[in-house]
Amino acid sequence: MDTLQYLGQGFGVALSPNNLVTALAGTTIGTIVGLLPGLGPINGVALLIPVAFALGLPPETALILLASVYLGCEYGGRISSILLNIPGEASAVMTTLDGYPLARQGKGGIALSISAWSSFIGGMIATLGVVLFAPMLARWAVSFGPAEYFMLMVFAIVCLAGMAGDKPVKTAVAVAIGLLLSCVGIDANSGVYRFTFGSLGLADGIQFVVLVLGLFSISEILMLLERTHKGQAAVKASGRMLFNFQEGASVFATNLRSGVMGFVFGILPGAGATLASAMSYMSEKRIAGPSGKFGEGDLRGLAAPETANSASACGSMVPMLTLGIPGSGTTAVMLGALTLYNITPGPLLFQNQPDIVWGLIASLFVANVILIIMNIPMINLFTRILSVPNWTLVPAIAIITSIGVYAVHATTFDLFLMIAIGIFGYIMRKLGFPLSALLLGFILGGMMESNLRRALSISDGSLAILFNSPITLGLWALVIVMFALPFWRGYRARRARLAAAVEANA
Amino acid sequence: MLEADADGEPHLSRQMVRKVVICLALLLALASLFEALGFIPSAILFALGMARLFGGRWLPSLVLAVILGFGMYLLFDKILDVPLPQGVLAPLEIF
C-alpha cells in the first residue's frame with residue numbers, strides 16, 4: 001500500500017495550482033510543437049530547459065513541464081499526419097498510413113477523435129505500468145554498483161543498434177560519434193583538457209542543449225529548405241467530429257494490446273516510440289487478417305500506432321526514473337535537465353525525493369486527462385495552426401532556437417558551435433544516420449565513463465569486476481543476444497530471398 | 001553531391017546547395033551580430049532574410065521580422081527572464 005500512499009502524495013504535488021497551470025501550458029505547447037514541421041519532442045523539450053531555468057521553476061515543476069510537452073507532442077504529431085499526410089515526427093509515420101485515407105474519405109473528424117482517444121488509453125495503460133513497475137525496479141536497482149551500471153549502459157547502447165532494424169551499422173557509428181563528443185572538455189578526474197583544440201569555449205564540454213538544438217533544430221531548418229514551396233493543402237476535417245460507441249468498441253481490443261506493447265517498447269532503451277508504433281501496426285495487421293482494410297483507412301490501423309506512441313512515451317519514463325538511463329531521445333534530454341538541477345537520477349531518487357518522482361508520475365495522469373479534454377473541442381484551432389506557411393514559421397523557430405542556445409551560457413560561441421553541429425547533423429541525416437542514437441550516445445557517454453572509472457577504482461584497475469556479479473553476467477548475456485540480433489535477422493532475410501529465388505526458378 | 005538516402009530524399013541540386021549556403025550565411029550572421037548589434041536589430045535582419053529565403057514576399061516578411069524581433073525580446077527578456085543583449089539599442093533605454 002506504500003505505492004498508493006506515494007501516488008496520493010504525487011497527486012498532491014501534481015494538482016497544486018502552480019503545477020496544474022504548468023501542465024496545462026506544457027500540453028498546449030507540446031501539441032503545437034508536435035504538429036509543426038521542424039519541431040519535435042526532442043527540440044521542444046530542449047528549448048524549454050533554459051526557460052524553466054530562467055524562470056526559477058523548482059525541479060518537480062520543471063520536470064512536469066517537460067513531461068507534459070513530451071506527451072503533448074505525441075498527441076500533436078497525429079494531426080498533421082492525418083490531415084496533411086506529413087508526419088510531424090518519426091513516430092507519427094505509421095499514423096499517416098490509415099489516418100490520411102480516413103481524412104480523404106471525409107472521416108477526418110472521426111479519425112482525429114479516435115486517435116486522441118487511443119493516445120489517451122495508451123498513455124493511461126503505460127502510466128499504470130509505471131506506477132506498478134517503477135518502484136519494483138527501483139528497489140531492485142538500489143543494489144546496483146558502478147560495474148552493474150556500466151554494463152546496463154553497454155546493454156542500452158547495444159540495444160539501440162540491435163533494435164534499429166534496417167541500419168544497425170549506421171546506428172552503431174552514430175552512437176560512437178555521440179560517445180566521442182561526450183569526451184570533449186576538462187576531464188573531471190585528472191583535469192586534462194580533452195579534444196578542446198585550445199578553445200576555452202569547449203573547456204566546459206559541449207552543452208547538451210547546444211548539441212540537441214544544433215542536431216535537431218538547425219538540421220531540420222536546412223531540411224525544410226527543400227519544402228519552401230507551398231505544401232499540399234490540408235484535408236478539411238469534416239463530418240462527425242466524435243466517434244460513436246460502435247467505432248470506439250471496434251478498436252478497444254487494439255487499444256489494449258498496443259498500449260501494453262508500447263509500454264514494453266518504451267521501457268527498452270533505445271527502442272522508443274518509432275519502433276513501438278511500427279510493431280503494433282504490423283501485429284494488428286496480422287491479427288486482423290484479410291478482414292482488415294489496413295492502408296485504406298482502417299480505424300484499427302490508426303488506433304494501434306497512436307496508442308503505442310503515447311504508451312511508449314510514458315513507458316520511457318521508467319528507465320529514466322529508476323535507473324537514470326534514458327529510454328528515448330526525449331527522456332535523454334529530460335535527464336540532462338535533471339542533472340542541471342544537480343539531481344542524480346537513479347533508484348535513490350525514489351527514496352530521497354519522492355515528491356519529484358511521484359509528482360512526475362501523477363502529472364502523467366493529469367497531462368493525459370488535460371490532453372483528451374483539450375484535443376476534442378479544440379481540434380479546429382489546432383488544425384488552423386497547420387496552415388501557417390513556412391516563411392513565417394521557420395524564422396520564428398530559428399530565432400527561438402538561437403535564444404535557447406544563447407540562454408545557456410550567454411556566449412555567442414555556443415551559437416557558432418550550434419551551427420557547426422547543425423551542418424554536421426544535416427549531412428548525417430542526408431546520409432541516413434539516426435541522430436537520436438547519436439544523442440543517446442552523448443548522454444550515456446558521460447555516465448558510462450564515470451561508472452567505469454568508479455568500478456575500476458573499486459577493483460584496483462582489474463576488469464574482472466565487470467564479470468563478477470550475477471547481474472553483470474546476466475547483462476553480458478543480454479548484450480550478446482542483442483548483438484547477435486541484427487546478424488540473425490540478416491541471415492533470415494538472406495534465406496528468405498534465397499528460397500524465393502529457388503521457387504521462382506522451379 | 002550527397003547521395004539520396006533510403007527514404008528517397010531528393011539529390012541535392014545546385015539550387016538546393018545555394019539555398020543551404022544562404023541559410024547558413026544567415027545563421028552565421030545572426031551569431032556574429034547577436035551581441036554586437038543586440039538581439040532586436042540582428043533578429044529583425046535575420047528573420048527578414050529567412051522569410052525571403054522561404055518564399056515570403058518583401059512587405060509581409062518585413063512586418064514579420066519586426067514583430068518577431070520585438071515580440072521575442074518582450075517574451076523572453078521581459079516575461080520569461082532570459083536576458084538578451086540590448087546592443088546598439090541600449091542607450092535608448094526604452095526597454
Of the backbone (N, CA, C, O) and the side chain (C-beta and beyond), which part of [X] lies under 4.5 Å from a heavy atom of chain A, both, or neither?
X: B:Leu68; value: side chain
X: B:Pro83; value: backbone
X: B:Ile79; value: backbone

Legend entry - Contact listing (chain A partner; residues 25-33 of chain B; heavy atom under 4.5 Å):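 The stretch touches chain A at B:Leu27, B:Leu28, B:Leu30, B:Ala31, B:Ser32.
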Inset, instruction - Mind running side chain to side chain contact (heavy atoms under 4.5 Å, CB included) on B:Leu64 and A:Trp391 for me, showing each step along the way? - result: CA-CA 9 Å; B:Leu64 171 82; A:Trp391 66 266; 4.1 Å; yes
Nearest 0.5 Å, please: how far is [atom2] in [Y] from [atom1] in [X]?
X: B:Asp81; Y: A:Phe53; atom1: CG; atom2: CZ; result: 13.5 Å
X: B:Lys19; Y: A:Leu225; atom1: NZ; atom2: CG; result: 6.5 Å
X: A:Ile218; Y: B:Cys23; atom1: CD1; atom2: SG; result: 7.5 Å

Indicate the atoms forming the closest heavy-atom contact of [X] with [Y], along with that distance.
X: A:Leu415; Y: B:Phe34; value: CD1-CG, 3.8 Å
X: A:Tyr406; Y: B:Leu84; value: CD2-CD2, 4.2 Å
X: B:Met50; Y: A:Pro395; value: CB-CG, 3.8 Å

Inset, instruction - Among B:Leu80, B:Ile67, B:Leu75, B:Val82, single out the residue with the greatest number of heavy-atom pairs under 4.5 Å to chain A. - result: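 Sorted descending by pairs with chain A, the first entry is B:Leu80.
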Inset, instruction - Name the option with the most non-hydrogen atom pairs under 4.5 Å to chain A; the candidates are B:Gly69, B:Ala65, B:Gly49, B:Pro60. - result: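 Going by pairs under 4.5 Å, I would pick B:Pro60.
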Inset, instruction - Give a yes or no on whether A:Met279 atom CE has more than 12 heavy-atom contacts from other residues, nucleotides or ligands under 6.0 Å away. - result: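 12 or below, so no.
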Inset, instruction - Please name the residue in the list B:Phe76, B:Phe46, B:Tyr73 that meets the side chain to side chain contact (heavy atoms under 4.5 Å, CB included) test with A:Ile399. - result: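 Going through B:Phe76, B:Phe46, B:Tyr73 one by one, the side chain to side chain contact (heavy atoms under 4.5 Å, CB included) with A:Ile399 is satisfied by B:Phe46 alone.
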Legend entry - A:Ala396, part contacting chain B, at a heavy-atom distance under 4.5 Å: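 Its backbone and side chain both get close to chain B.
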Legend entry - Part of A:Ile423 lying under 4.5 Å from any heavy atom of chain B: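 Contact with chain B: side chain only.
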Inset, instruction - Considering only heavy atoms and a distance below 4.5 Å, find which of A:Asp414, A:Thr411, A:Leu393, A:Thr392 pairs most often with chain B. - result: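 Looking at each option in turn, the highest pair count goes to A:Thr392.
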